[in-house]
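First comes the structure, then the notes that go with it.
Throughout, a chain's letter reflects where its sequence line sits, starting with A, and its residues are numbered from 1. Every heavy atom of this structure was used, including side-chain atoms; hydrogens, water molecules and symmetry mates were not. Just so you know, these numbers come straight off a predicted model, no measurement behind them.
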Amino acid sequence: MGRENPAEEALILLRSRLCNPNYIFTPFSDSPDSNYSKLKFIISSSVTEACNNSILLLGPRGCGKIAVLELVLRDLLVEHPDMISVIRLNGLLHSDDNCALKEIARQLCVEHQLLFSKMVSSDDNSQFMIAMLQECGLAHKTIIFVLDEFDLFTQGKQRLLYSLLDAMQSVTSQAVVIGVSCRLDADQILEKRVRSRFSHRKLLFLPPSKEDLQRLLEHILSLPTDSSLPHDYAVEFNAKLHNILGDERFKEILNTLSSSDSTVNHLLRFLFRAVCHMNLESGFLSLENFKSALSSVQRQPKLECLQADCSILELYILVCMKRLEVKEENSYNFNSVMKEYKAIHDSFRTPDYYARNVCLRAFEHLLQRELICFTDNRGHNQSVEYRPVKLLISSQELYQGLKSSRSCPVS
Amino acid sequence: MGKEESPQVTRRTTRFSSSMAILNNAAETTKTSYHHPPMLKDLVFGEEPISLDDLYSCFPCRRLQIFELIRLLGPMDSPLLPLFLYGGPATGKTSIILQIFRHLNRSFIYSSCLTCYNPRILFESILNQLLLHRKSAANGYSSAKRCERPSDFINLLREALIDVTNNLKENSGKLSSKKLMGRANGKMIYLIFDNLELVREWDKSSNILPFLFKLYDLLKMPEVGLIFISNTSPDTYYSNTGYIEPVPVHFPDYTEDDLHQIFMRNQANPKLYSSFLDIVMRPFSRITRRVDELSTAFSPLFKKYCEPLSDLGLAPNEEMKRRLFSHLHPHIAPSLNEIFTVQSQSSLEIDTNKEKSKRKGNMKKLGVCEAFDDIDFHMSTSAKYLLLSAFLASRNPATLDASLFDSTGGSDNRKRKRKSSEKSIGLKETAEQELLMKGPGTFPLERLLAIFQCLTSVAEGSLDEEQQENEGLGAEGGDSGLMSDVLLQLSSLCNANFISKGRSCPLEGSTRYRSTVSEDLALKVARSLKFPLSKYLYR
């Protein structure tokens, strides 16, 4: 690229690494008992032995299910060219059966250089899919169906899943269905006719352990010494990085981070922030970068809103609502809040007493900030004053917020 | 006055101009009959790039956020994890991000979920911008691609993005050899989604929101950066499906000092205005710290403040400040309570308007004074009676109707009413509490018509006198035979949103109505009719 500043080049390299899940998960692929090896074994055996298979990849969000699968598929496509075609579906996009069939047909057409028509009925599409499955089976080609957000495919009548898995029961077809879901009970929500056709292979993906995290950090953040980057710079950068990673204070930061959420994605977002704050003049990461990133990743929006954003009048209204809740009034609306507000004003003689319409606007601000909300979604034709509301913050949060802003009568 | 200093105004202009940048080009090219098809450069901010210092001075007190955003956006051609900008209204989220793109001169696509109010319009507007498609008379104002489902959108979007980024890459190749003006920097393209909080109210929001948040993972294109802008904090988006959280950037509300700095911008006489702000800022910021609301409240006050001055260019000394303060002081308290009322006329006329409305109150002219004091609208007498009876039907419990109204009407009716109203004072307070809770009740049409008849028969006597004054405007008011007219009036009141039509009651099967007018308005209407409304009110 020929950039003048090696720091900038390093920054771009790190950022593109952080945005590329395939890169992040490569270090996990070499050990024999990793999910990568297991998954690769299953898929490649069904490709070479020409059999049908189905498998579920389960685990919390951000643990690299899709990334590992992509790695496996990439390697298999290199190993067995012309024997695999991959159809990718996503529950967020194709949970509707017709839509999913259309997408399958489209991807099959693209894959096999056929002409795809948008106007074809879903019945034709499904017949086309089954015909294609048979054709591919005869040609010893495996079709791999990747169903991301697998749980969303089970919402309707599960026709798609049924027709897919049913087609796989025949000898002539050759396909692998891979479901990816963050719901651990994804196979339990299948209908009986679907479940009985499903092989109950499951692979569980877990957040990385501490040692893995350390390895991962080094893998992501250290610069290559044999690239376009100046060699001396890369070596110095890596040495400094090594110091930081070994630092007790950094381990502290990492601990607090992983105690709230230990998935890889969370870590990536944290690292992204830290890397973005890298000093471009010196060109090295510092512990300060990680500290500031931690503080900006761990936020308490509600409390921040109370402390910094709310005006005095809005705080008054919140306190009034709190008092109403303490009084165990099961439901209240703006009018009863106003009554309470007046009572507070009468008993404490505060200087802040405003007209009703001003309070109503402050009340609407609170609704907009989502510190309070309506208890029900019904009654849209009623005006704001009469609809029952509730607080969305706990009393501790309110108390903390009030303490940091100013003294206010709290009962 | 007071227009230049508020960022609210600048924000409007930036939004406007950013959308106009493309529209202007469109207009020009249509004139020259399609000789210049839209270019890729239209995707950048339409005007000359600004320097970083200008950017900082444009948005006082936002240095931290601008710095962080520029850092997060990173150098040219660096990938970006999805960003999530949040903060209250009028904190400069949209204008800052747009101006940053103007500063960086990179391609972006801005779409607001406020104007694109459903998925299809949102998708099509993004695609139109990407495909450099303009709606015009030639194509029947249709979009480039028709797409309703997220699944279609993602395919079309990917195609379009690949096209655009390839072009951008070529361009940036050229750019290095010879510097072309107006070309975007880099090959990245950014999609900005504004007003994201509105998506939650869309019909299929349970699908669309996770889709938008996962768009980055679905596209798997490092050349695309996503930026979400929202009024509400990220924790209000949690749904049971869960999704990948974007990187949050918080825009806090302005503090009192920040507001002082903001309002001091572009003032003709900074010293004078600063002394004015010293007085008004503290009480007003206790109510609200939103720039837009404060600027509307301050502009008439500053006029008032300057009234005793002959020369506005003077720098005030201590004594003059005191004099001005004593002049302004009585006006602060009332305007605090009026801070949010919208002035439909220019502030000069406010005083005269108030006097007028006072006179109106005395004269009891025809026409109802709305809560804002300066909006008059005309309404026939029978419509007024109908409005009053709807108000009563909503306000009073149905069981009390028999004691309040008597079919005979006339004077002995009134005595009864007084008695019952005295009786009702003694009634339990819990009932009143409940009334406060539930708001106006619903009622069937029959009850409304019955009350309407009672009211008109009561008011007949007084109405006849009034009729002579009012040239027959109340002609049909006394005539209870014109039921079809009354129904027409009712439907027009419904259309004017004075009466809301509810769902039909499952037991009775007939439509139920609810009056939405406030008590103030009802009393005003009653006063204009010289109708003793308070006698009929159940308290």
Side-chain angles (χ1 to χ4, degrees), chain A residues 8 11-12 15-16 18-21 61-62 66 90 92-96 99 102-103 106 149 152 182 265-266 268-269 272-273 276-277 296-297 299 301-302 304-305 308-309 311-314 331-333 335-336 339 352 354-355 357-358 361-362 365 368-370 381-383 385-388, chain B residues 68 71-72 74-75 77-81 86-89 149-151 154-155 207 210-211 214 217-218 222 231-236 241-250 252-253 255 285-290 293 336-341 371 433 436-440 500-502 514 516:
Chain A
E8 200 173 300
L11 179 63
I12 293 175
R15 284 173 65 122
S16 46
L18 285 171
C19 294
N20 183 4
R61 272 179 204 280
I66 280 289
N90 192 307
L92 278 174
L93 307 175
H94 313 109
S95 57
D96 175 34
C99 192
K102 194 169 148 191
E103 180 67 19
R106 192 188 72 85
E149 313 279 346
L152 293 178
C182 59
N265 259 328
H266 190 62
L268 289 185
R269 282 197 302 276
F272 185 78
R273 261 223 134 91
C276 282
H277 285 101
S296 55
V297 163
R299 281 181 174 279
K302 290 262 144 99
E304 258 169 28
C305 188
D309 292 358
S311 67
I312 307 291
L313 180 60
E314 287 163 17
S331 83
Y332 49 89
N333 61 12
N335 285 328
S336 30
K339 218 174 144 191
D352 304 271
Y354 301 106
N357 59 344
V358 178
R361 188 58 83 95
H365 283 180
Q368 213 169 33
R369 293 184 201 281
E370 313 226 346
N381 52 3
Q382 247 180 341
S383 54
E385 302 114 278
Y386 298 115
R387 294 176 65 182
Chain B
E68 175 153 25
R71 271 301 171 83
L72 285 173
D77 300 341
S78 59
L80 172 80
L81 286 182
Y86 70 100
R149 297 163 184 272
S151 53
I154 198 106
N155 290 331
N207 282 334
F211 166 69
K214 284 210 84 170
D217 293 336
L218 291 171
N231 272 341
T232 54
S233 53
D235 60 338
T236 54
T241 52
Y243 58 87
I244 310 302
E245 275 178 69
V247 177
V249 181
H250 184 210
D253 273 17
T255 63
S285 67
R286 290 176 79 85
I287 299 181
T288 179
R289 291 208 300 270
R290 274 174 59 169
E293 288 171 352
L336 272 179
N337 283 335
E338 276 171 13
I339 181 165
F340 299 121
T341 49
Q433 188 70 36
L436 265 183
M437 267 307 297
K438 281 184 189 153
S500 75
K501 216 166 167 179
R514 183 201 299 276
T516 53

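Side-chain atoms of A:Asn265 never come within 3.5 Å of backbone atoms of A:Leu268 as a donor-acceptor pair (strictly under, hydrogens ignored). The closest donor-acceptor contact from the side chain of B:Ser78 to the backbone of A:Ile12 lies at 3.5 Å or more, if one exists at all. At distances below 3.5 Å, at least one donor-acceptor pair connects side-chain atoms of A:Arg15 with backbone N or O atoms of B:Leu72.
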- [ ] Please assess A:Arg61 against B:Lys214 for the test side chain to side chain contact (heavy atoms under 4.5 Å, CB included), listing each intermediate value before the final yes or no.
- [x] CA-CA 12 Å; A:Arg61 272 179 204 280; B:Lys214 284 210 84 170; 3.8 Å; yes

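Interface remark: B:Pro252 contributes backbone and side-chain atoms alike to the contact with chain A (heavy atom separation under 4.5 Å). No part of A:Asn20 comes within reach of chain B, as not one of its non-hydrogen atoms sits under 4.5 angstrom from that chain. In this structure, chain A has heavy atoms under 4.5 Å from both the backbone and the side chain of B:Leu80. For B:Ile154, the part sitting under 4.5 Å from any heavy atom of chain A is the side chain, from C-beta outward, and nothing else. Only the side chain of B:Thr232 comes within less than 4.5 Å of a heavy atom of chain A; its backbone N, CA, C and O stay farther away. Only the side chain of B:Arg149 comes within contact range of chain A, with at least one heavy atom under 4.5 Å from a heavy atom of that chain.
Taking chain B as the reference chain and counting heavy-atom pairs below 4.5 Å, the highest number among A:Arg273, A:Gln368, A:His94 is found for A:Arg273. Ranked by heavy-atom pairs under 4.5 Å with chain A, the list B:Val247, B:Thr255, B:Leu218, B:Leu81 is led by B:Leu81. Contact count versus chain B (heavy atoms, under 4.5 Å) is highest, among A:His277, A:His266, A:Lys102, for A:His277.
Rounding to the nearest 0.5 angstrom, the gap separating the CZ atom in A:Arg106 from the CG atom in B:Asn155 is 3.5 Å.
Side-chain polar atoms of B:Glu293 and B:Thr288 form a donor-acceptor pair below 3.5 angstrom.
Partners of A:Ser16 by side chain to side chain contact (heavy atoms under 4.5 Å, CB included), not counting sequence neighbours, listed by chain and number: B:Pro79.
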